[in-house]
Amino acid sequence: MARVAPPSPSRGQHQGRRRRDRPSWLTTKIVMRIVLVGVLIGVVVTVAFLWPVSSPERSAVVVKPTGVGGNWKLKFDDEFNGTSLNRAKWSTGWYGSGITAPVDSAERDCYDPAQVAVGSGALALTLIKKSEDCGVSGQAYTTGLVSTRGKFSFTYGFIQARAWLPAAPGQPGQPANWPDVWADGQTWPDDGEIDIAEGLGEVCAHFHGPGAPDGLGAGGRTGCPAGNYAGGWHTFAADWEPGIVTYYYDGTDIGSVTSGITSAPMFLILSYASGHTIQAPDTMKVDYIRVWQHP
């Protein structure tokens, strides 16, 4: 249909909106603004609720231990999402600062903070062939270790880490060097040691305590579960309760230790030492490590 031009206004008539229409226009505008403000407030509240934060209380709402049920509260969490090590949570080296001696006399390495890095969402501990002075002679390698000693300790709880343990060259399924995800008390072995994932030819779980300091005493060792836990990302966990430690690999119960379980506070350690099949350079990576306790 052809459009018909509107009649021209009479001389002196205002061509704009008539005064009696103004209240309706104002009402519509006010309503639109109220709706817009309401929408913006809703968006802000939603984002504030869903936005990830570093506090354990918020994380505990959405993050639970793998493989177990029950009520848990997250007490420690590092996702390694920054560009440097969180010094409020971690120290480098073994019972000291700077370049330190190794944990075990069987190691041929020193621990150097330079071999600890955080980036691309993971902690990296790199073993290299380099001799350094750390108070022990004959050390041919340098590597990295971090611990929460003096910054976070706990008694009982569920410890879980997602880690990449490098595979030994030509030996798929066997880890290169000596990777370890573990917890330790201040006095060994009286205060206990929980080896969650220790790689020495195989990936094994142990509890070292007064009754089984070598991990091979009665009930001290769960064994080394069948499966390939090197050369890929896997979750390793331990549920430390009074009188018992139960271990989980990729959410599966691999066994428990019931002998010599201590109640002394422990701190977390992540380390990549030289040992067994030495491959240098090589890097162990940790995506996250968390500790929960029952409320």
Side-chain angles (χ1 to χ4, degrees), residues 50-67 72-94 97-98 100 103 109 111-128 142-154 157-167 175-184 194-199 203 229-238 248-251 266-273 281-293:
L50 296 178
W51 191 262
V53 295
S54 58
S55 69
E57 290 75 12
R58 175 61 56 83
S59 299
V61 175
V62 295
V63 180
K64 296 291 184 181
T66 302
W72 298 95
K73 184 175 182 180
L74 192 63
K75 292 294 184 177
F76 181 92
D77 180 17
D78 200 336
E79 307 292 317
F80 302 112
N81 288 330
T83 57
S84 61
L85 187 69
N86 187 339
R87 294 288 180 163
K89 295 181 177 181
W90 301 98
S91 298
T92 57
W94 184 244
S97 59
T100 66
V103 177
D109 54 64
Y111 290 109
D112 189 333
Q115 301 312 117
V116 177
V118 173
S120 301
L123 169 74
L125 305 174
T126 301
L127 176 84
I128 60 174
T142 299
T143 189
L145 174 150
V146 297
S147 83
T148 64
R149 179 176 174 264
K151 300 185 177 185
F152 172 75
S153 294
F154 63 103
F158 194 99
I159 313 108
Q160 181 175 298
R162 182 172 184 260
W164 176 289
L165 311 182
N177 305 306
W178 191 348
D180 209 349
V181 177
W182 52 303
D184 196 25
I194 302 174
D195 286 311
I196 302 168
E198 181 176 23
V203 181
Y229 296 103
W233 288 102
H234 297 276
T235 58
F236 304 99
Y248 298 84
Y249 283 11
D250 290 332
M266 295 194 189
F267 56 93
L268 302 170
I269 311 105
L270 302 168
S271 58
Y272 192 45
D282 218 333
T283 300
M284 167 186 170
K285 297 180 180 180
V286 181
D287 178 34
Y288 65 77
I289 184 166
R290 303 166 182 151
V291 176
W292 293 266
Q293 290 181 321

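The chain is numbered in sequence order, starting from 1.
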Minimum-distance pair of heavy atoms, taken over all atoms of [X] and [Y]:
| X | Y | value |
| --- | --- | --- |
| F267 | S153 | CB-OG, 3.9 Å |
| G98 | P113 | O-CD, 3.4 Å |
| G199 | P175 | CA-CG, 3.7 Å |
| S147 | I269 | CB-CG1, 4.0 Å |
| Y249 | I196 | OH-O, 2.8 Å |
| V203 | A197 | CG1-CB, 4.0 Å |

If you define the side chain from C-beta out and look only at heavy atoms, does anything of [X] sit under 4.5 Å from [Y]?
| X | Y | result |
| --- | --- | --- |
| P166 | Y272 | yes |
| Y288 | D78 | no |
| P281 | I128 | yes |
| K89 | L268 | no |
| W292 | L74 | yes |

For [X] and [Y], indicate whether the former's side chain and the latter's backbone hold a donor-acceptor pair under 3.5 Å.
| X | Y | answer |
| --- | --- | --- |
| T100 | W94 | yes |
| Q160 | T66 | yes |
| K151 | W90 | yes |
| Q115 | T126 | yes |

Candidates T283, D282, L165, D109 - the one meeting side chain to side chain contact (heavy atoms under 4.5 Å, CB included) with N177: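 Among the candidates, only D282 passes.
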Working to the nearest 0.5 angstrom, can you tell me the gap between [X] [atom1] and [Y] [atom2]?
| X | Y | atom1 | atom2 | result |
| --- | --- | --- | --- | --- |
| E198 | D180 | CD | CG | 4.5 Å |
| I159 | I194 | CD1 | CD1 | 4.5 Å |
| L127 | S271 | CG | OG | 11.5 Å |

(Q) L123 vs M284, test: side chain to side chain contact (heavy atoms under 4.5 Å, CB included). Steps then yes/no. (A) CA-CA 8 Å; L123 169 74; M284 167 186 170; over 6 Å; no
task = Carefully, step by step, assess Y229 and D250 under the rule side chain to side chain contact (heavy atoms under 4.5 Å, CB included).
result = CA-CA 9 Å; Y229 296 103; D250 290 332; 3.7 Å; yes
Can you list the steps and then say if V181 with L270 is a side chain to side chain contact (heavy atoms under 4.5 Å, CB included)?
CA-CA 5 Å; V181 177; L270 302 168; 3.9 Å; yes
- Message: Students often mix this up, so state it plainly: with edges at 30° and 60°, are the rings of F154 and F152 parallel, tilted or perpendicular?
- Response: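 Aromatic pair F154/F152 classed parallel.
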task = Report the relative orientation of the aromatic rings in Y248 and F158; use parallel for angles under 30°, tilted for 30 to 60°, perpendicular for over 60°.
result =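 Ring orientation of Y248 relative to F158: tilted.
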* What do the steps show when you test I289 against F80 for side chain to side chain contact (heavy atoms under 4.5 Å, CB included), and what is the final call? -> CA-CA 9 Å; I289 184 166; F80 302 112; 4.2 Å; yes
Practice item. May I ask you to check whether D287 and W233 show a side-chain donor-acceptor distance below 3.5 Å? Key: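 Checked: D287/W233 side chains show no N/O donor-acceptor pair below 3.5 Å.
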